[in-house]
Undergrad: 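Structure below; questions to follow.
For ligands, and for the atoms within them, numbers begin at 1 and follow the listed sequence. Numbers here simply count residues along the sequence, with the first being 1.
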Amino acid sequence: MPRFDVLVLGMGPDGHTCSLFPGHPLLQEKQQIVAPISDSPKPPPARVTLTFPVINNAACAVFASCGAGKADIVQRVLEGGDNDPLPAAMVRPTNGQVVWFLDSAAASKLKNAQKL
Ligand SMILES: O=C(O)[C@H](O)[C@@H](O)[C@H](O)[C@H](O)COP(=O)(O)O
């Protein structure tokens, strides 16, 4: 399995990352490193994405999210618990780390955040 040093990821307001969307069967992919998706709920419908086996083999996954439009989903992903996790919350490198860069608007609904 390839091991990326750093993955720089975004997150959509529905909690998707890469082209891995909530509830999609590709969230359960265990074999392929890269997979096609032909029914993306967000245009374009046809995409190609890395899958969780390779994402979670990375040494470091970095998310960057900005703006008040991301505040609710950032709070859900980071503080929402483990029941039915959103795709962005499934980014948990087995032998690596996740780092989030947020502006104050995106972080505004976090209950446990400490300002730097
Ligand atoms: O799926 C797509 O079509 C988008 O490109 C998406 O993956 C994007 O990365 C996020 O929506 C975060 O984007 P922003 O950080 O720019 O809001």
Side-chain angles (χ1 to χ4, degrees):
M1 184 64 59
R3 179 167 170 82
F4 284 90
D5 292 330
V6 180
L7 295 175
V8 180
L9 304 175
M11 176 180 67
D14 59 353
H16 84 266
T17 189
C18 302
S19 289
L20 298 162
F21 289 88
H24 196 278
L26 263 187
L27 301 185
Q28 309 309 323
E29 176 59 44
K30 301 281 189 280
Q31 304 298 326
Q32 298 183 93
I33 294 166
V34 173
I37 169 170
S38 57
D39 55 356
S40 164
K42 179 182 177 185
R47 296 161 171 243
V48 174
T49 185
L50 293 179
T51 58
F52 280 115
V54 68
I55 291 170
N56 283 333
N57 200 42
C60 183
V62 178
F63 279 96
S65 287
C66 297
K70 296 286 171 72
D72 284 322
I73 200 70
V74 163
Q75 195 279 330
R76 250 182 92 187
V77 165
L78 294 182
E79 297 180 339
D82 276 348
N83 289 340
D84 196 17
L86 290 162
M90 294 171 67
V91 176
R92 291 179 184 166
T94 313
N95 189 19
Q97 60 180 332
V98 182
V99 177
W100 284 81
F101 287 96
L102 304 170
D103 67 358
S104 9
S108 61
K109 296 197 175 172
L110 291 174
K111 297 172 180 67
N112 301 313
Q114 292 181 330
K115 286 192 176 170
L116 296 176

Undergrad: Among all the protein's non-hydrogen atoms, which is closest to atom 5 (O) of ligand 1, and how far away is it?
TA: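 Nearest neighbour among protein heavy atoms for atom 5 (O) of ligand 1, to 0.1 Å: K42 NZ, 4.2 Å.
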
Undergrad: Could you check whether any side-chain N or O of D103 sits under 3.5 Å from a backbone N or O of G67, counting only pairs where one atom can act as donor and the other as acceptor?
TA: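 Judged by distance alone, yes, a pair lies under 3.5 Å.
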
Undergrad: Would a distance-only check, ignoring hydrogens and angles, find a side-chain to backbone donor-acceptor pair under 3.5 Å from E29 to Q32?
TA: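 It does hold such a pair.
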
Undergrad: Output yes when the distance from some N or O of ligand 1 to some N or O of S19 is under 3.5 Å, and no in every other case.
TA: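 In fact, backbone or side chain, S19 has no N or O that close.
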
Undergrad: Taking V98 as the starting point, is it possible to reach V77 by hopping between hydrophobic residues whose side chains are less than 4.5 Å apart?
TA: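 Yes, V77 and V98 fall within the same hydrophobic cluster.
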
Undergrad: Atom 9 (O) of ligand 1: which protein heavy atom is closest, and how many Å away?
TA: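 For atom 9 (O) of ligand 1, the nearest protein heavy atom is G10 CA, 4.1 Å.
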
Undergrad: Under 3.5 Å, is there a donor-acceptor pair between the side chain of K70 and the main chain of M11?
TA: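 Answer holds: yes.
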
Undergrad: Any side-chain to backbone donor/acceptor pair from Q75 onto G80? Under 3.5 Å, distance only.
TA: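 Between the backbone of G80 and the side chain of Q75 there is no qualifying donor-acceptor contact (under 3.5 Å).
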
Undergrad: Protein non-hydrogen atoms only, distance under 4.0 Å: does atom 16 (O) of ligand 1 have such a neighbour?
TA: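 So far as the 4.0 Å threshold goes, atom 16 (O) of ligand 1 is out of reach of every protein heavy atom.
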
Undergrad: Short question: side chain of T49, backbone of C18 - any donor-acceptor pair under 3.5 Å?
TA: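 Not a single qualifying donor-acceptor pair exists.
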
Undergrad: Just let me know how H16 lines up against ligand 1, side chain, backbone, both or neither, with a heavy-atom cut-off below 4.0 Å.
TA: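 H16 to ligand 1: side-chain contact only, backbone stays beyond 4.0 Å.
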
Undergrad: For atom 12 (C) of ligand 1, which protein heavy atom lies nearest, and how many Å away is it?
TA: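 Sorting protein heavy atoms by distance from atom 12 (C) of ligand 1 puts M11 O, 3.3 Å first.
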
Undergrad: Just by modelled atom types, is the P45 backbone N or O under 3.5 Å from a matching donor or acceptor in the S40 side chain?
TA: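 No, S40 side chain to P45 backbone: no donor-acceptor pair under 3.5 Å.
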
Undergrad: Tell me: protein heavy atom nearest atom 3 (O) of ligand 1, and distance?
TA: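 Answer for atom 3 (O) of ligand 1: R47 NH2, 2.9 Å.
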
Undergrad: Which atoms of ligand 1 sit under 4.0 Å from any heavy atom of G12?
TA: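 So the atoms of ligand 1 that pass are 10 (C), 11 (O).
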
Undergrad: For ligand 1, which atoms, with element, lie under 4.0 Å from some heavy atom of K70?
TA: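 So the answer, numbered in order with elements, is 12 (C), 13 (O), 14 (P), 15 (O), 17 (O).
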
